Amino acid sequence: MSTPVTSLDQLNLAFAERFNARDLDGLLALNTPEAVFVPAPGQPVQGVEPVRAALEQFLALNLPITMSVRHTFASGSTGLTIADWTMHGTGPDGSEIALGGSTSDVAVFDEAAGWRFVIDNPFGTA
């Protein structure tokens with residue numbers, strides 16, 4: 001069981017740490033069960049199994065992710081995080097991959113689970 005994230009400014013960094021460890025269950029623990037994940041602009045998925053499948057596709061690239069948190073805003077148990085991320089390297093098929101964006105994420109906090117994503121929008125687009 002992964003440790004809950006107790007500080008909003010650590011949520012995106014926890015994502016990067018678990019991503020780089022290839023800890024799919026740990027990544028899923030950072031989401032509420034009804035979370036929305038947007039793996040490509042304009043293509044949201046929602047719920048545990050669709051989010052799992054989308055994260056598996058990113059993990060299959062077998063590249064590390066870097067994350068730099070720019071801003072966090074919280075009002076009570078609701079938070080917004082803005083972070084810049086990149087993934088660079090050679091993909092499994094030998095092609096060069098360069099992905100990145102500015103994620104814009106909505107999170108909620110509860111005492112038992114800590115901060116978790118409700119909406120994870122890694123490309124920060126509509």
Side-chain angles (χ1 to χ4, degrees):
M1 181 82 178
S2 300
T3 304
V5 176
T6 58
S7 179
L8 181 58
D9 65 345
Q10 295 299 304
L11 184 57
N12 294 98
L13 300 176
F15 179 94
E17 180 181 289
R18 295 173 191 192
F19 186 94
N20 290 335
R22 304 298 185 252
D23 179 3
L24 182 57
D25 290 333
L27 287 169
L28 289 169
L30 293 175
N31 295 306
T32 62
E34 68 281 355
V36 172
F37 179 60
V38 188
Q43 299 179 16
V45 297
Q46 184 173 15
V48 175
E49 290 310 314
V51 170
R52 174 187 295 277
L55 288 171
E56 284 175 334
Q57 289 181 334
F58 276 104
L59 289 173
L61 296 173
N62 203 30
L63 296 174
I65 191 169
T66 61
M67 187 83 64
S68 175
V69 178
R70 275 199 282 152
H71 303 287
T72 60
F73 307 97
S75 177
S77 62
T78 303
L80 173 69
T81 66
I82 310 294
D84 301 314
W85 63 274
T86 59
M87 292 174 61
H88 294 278
T90 304
D93 65 356
S95 65
E96 287 300 310
I97 296 174
L99 294 173
S102 295
T103 188
S104 177
D105 305 322
V106 177
V108 293
F109 180 82
D110 72 59
E111 290 295 327
W115 283 102
R116 295 184 296 164
F117 296 110
V118 175
I119 302 171
D120 185 350
N121 188 13
F123 294 95
T125 58

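These figures come from a predicted structure and were not determined experimentally. One is the number of the first residue; the rest follow in order along the sequence.
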Exercise for the section: Check whether Leu13 and Leu28 end up in the same hydrophobic cluster, where Ile, Leu, Val, Met, Phe, Trp and Tyr are linked by side-chain heavy atoms less than 4.5 Å apart. Expected result: yes

Handout entry: Pro50 side chain near Phe37 side chain, heavy-atom distance below 4.5 Å
Key = no

Exercise for the section: Measure the spacing between CG of Leu61 and CD of Glu56 and express it to the nearest 0.5 Å. Expected result: 12.5 Å

Handout entry: From OG1 (Thr81) to CG (Leu8), nearest 0.5 Å
Key = 6.0 Å

Handout entry: Least distance between heavy atoms, Ala113 atom then Pro4 atom
Key = O-CB, 3.5 Å

Exercise for the section: Identify the two heavy atoms, one from Ser7 and one from Trp115, that lie closest to each other, and give their separation to 0.1 Å. Expected result: C-CD1, 3.7 Å

Handout entry: side chain to side chain contact (heavy atoms under 4.5 Å, CB included) between Leu63 and Leu99, intermediate numbers included
Key = CA-CA 10 Å; Leu63 296 174; Leu99 294 173; over 6 Å; no

Handout entry: Evaluation steps, side chain to side chain contact (heavy atoms under 4.5 Å, CB included), between Ser104 and Ile82
Key = CA-CA 5 Å; Ser104 177; Ile82 310 294; 3.7 Å; yes

Practice task
Measure up the Trp85 and Phe58 rings against each other and bin them: parallel (under 30°), tilted (30 to 60°), perpendicular (over 60°).
Solution key: perpendicular

Exercise for the section: Not counting sequence neighbours, list each pair that qualifies as a salt bridge (charged side-chain N to carboxylate O under 4.0 Å, His left out) and has a residue in residues 25-53. Expected result: Asp25-Arg52, Glu49-Arg52

Handout entry: Side chain proximity check, Pro39 to Gln57, heavy atoms < 4.5 angstrom
Key = no

Completion exercise
Nearest heavy-atom approach of Ala60 to Pro92 is O-CG, 3.2 Å

Practice task
For Val45 and Ala54, work out which heavy atoms get closest and say how close.
Solution key: CG2-CB, 4.3 Å

Exercise for the section: Tell me whether Phe123 is reachable from Ile65 by hopping between hydrophobic residues (I, L, V, M, F, W, Y) whose side-chain heavy atoms are closer than 4.5 Å. Expected result: yes

Practice task
Decide yes or no for Gln10 and Val69: does some side-chain heavy atom of the first lie under 4.5 Å from some side-chain heavy atom of the second?
Solution key: no

Practice task
Compute whether any side-chain donor of one residue and acceptor of the other, for Asp105 and Asn12, lie under 3.5 angstrom apart.
Solution key: yes

Practice task
List the atom of Val36, the atom of Pro44, and the distance in Å for their closest heavy-atom pair.
Solution key: CG1-CB, 3.8 Å

Handout entry: Residue pair Glu111 / Ser77, side-chain heavy-atom distance below 4.5 Å
Key = no

Practice task
Say whether, by atom type as modelled, one donor and one acceptor occur between the side chain of Thr90 and the main chain of Ser95 under 3.5 angstrom.
Solution key: no

Exercise for the section: Quick one: pull up CG in Leu80 and NE2 in His71 and give me the separation to the nearest 0.5 Å. Expected result: 10.0 Å

Handout entry: Asp110/Arg116 under side chain to side chain contact (heavy atoms under 4.5 Å, CB included): CA gap, chis, key distance, verdict
Key = CA-CA 9 Å; Asp110 72 59; Arg116 295 184 296 164; 3.4 Å; yes

Exercise for the section: Working to the nearest 0.5 Å, report the span between CG of Asp84 and CE of Met67. Expected result: 9.5 Å

Problem - Closest approach of Arg22 to Pro64 (non-hydrogen atoms, all atoms of both residues) - result: NH2-N, 4.0 Å

Practice task
Could you grab the distance from atom CD1 of Ile119 to atom CG of Asn31, nearest 0.5 Å is fine?
Solution key: 11.5 Å

Problem - side chain to side chain contact (heavy atoms under 4.5 Å, CB included) assessment of Phe117 paired with Leu11 - result: CA-CA 8 Å; Phe117 296 110; Leu11 184 57; 3.5 Å; yes

Exercise for the section: Quick one: pull up CZ in Arg18 and CG in Leu59 and give me the separation to the nearest 0.5 Å. Expected result: 13.0 Å

Handout entry: Leu24 with Val48, same ILVMFWY side-chain cluster at under 4.5 Å
Key = no

Practice task
Kindly check if the number of other-residue, nucleotide or ligand heavy atoms within 6.0 Å of CD (Glu96) is above 12?
Solution key: yes

Exercise for the section: For the residue pair Leu55 and Phe15, establish whether any side-chain heavy-atom pair is separated by less than 4.5 Å. Expected result: yes

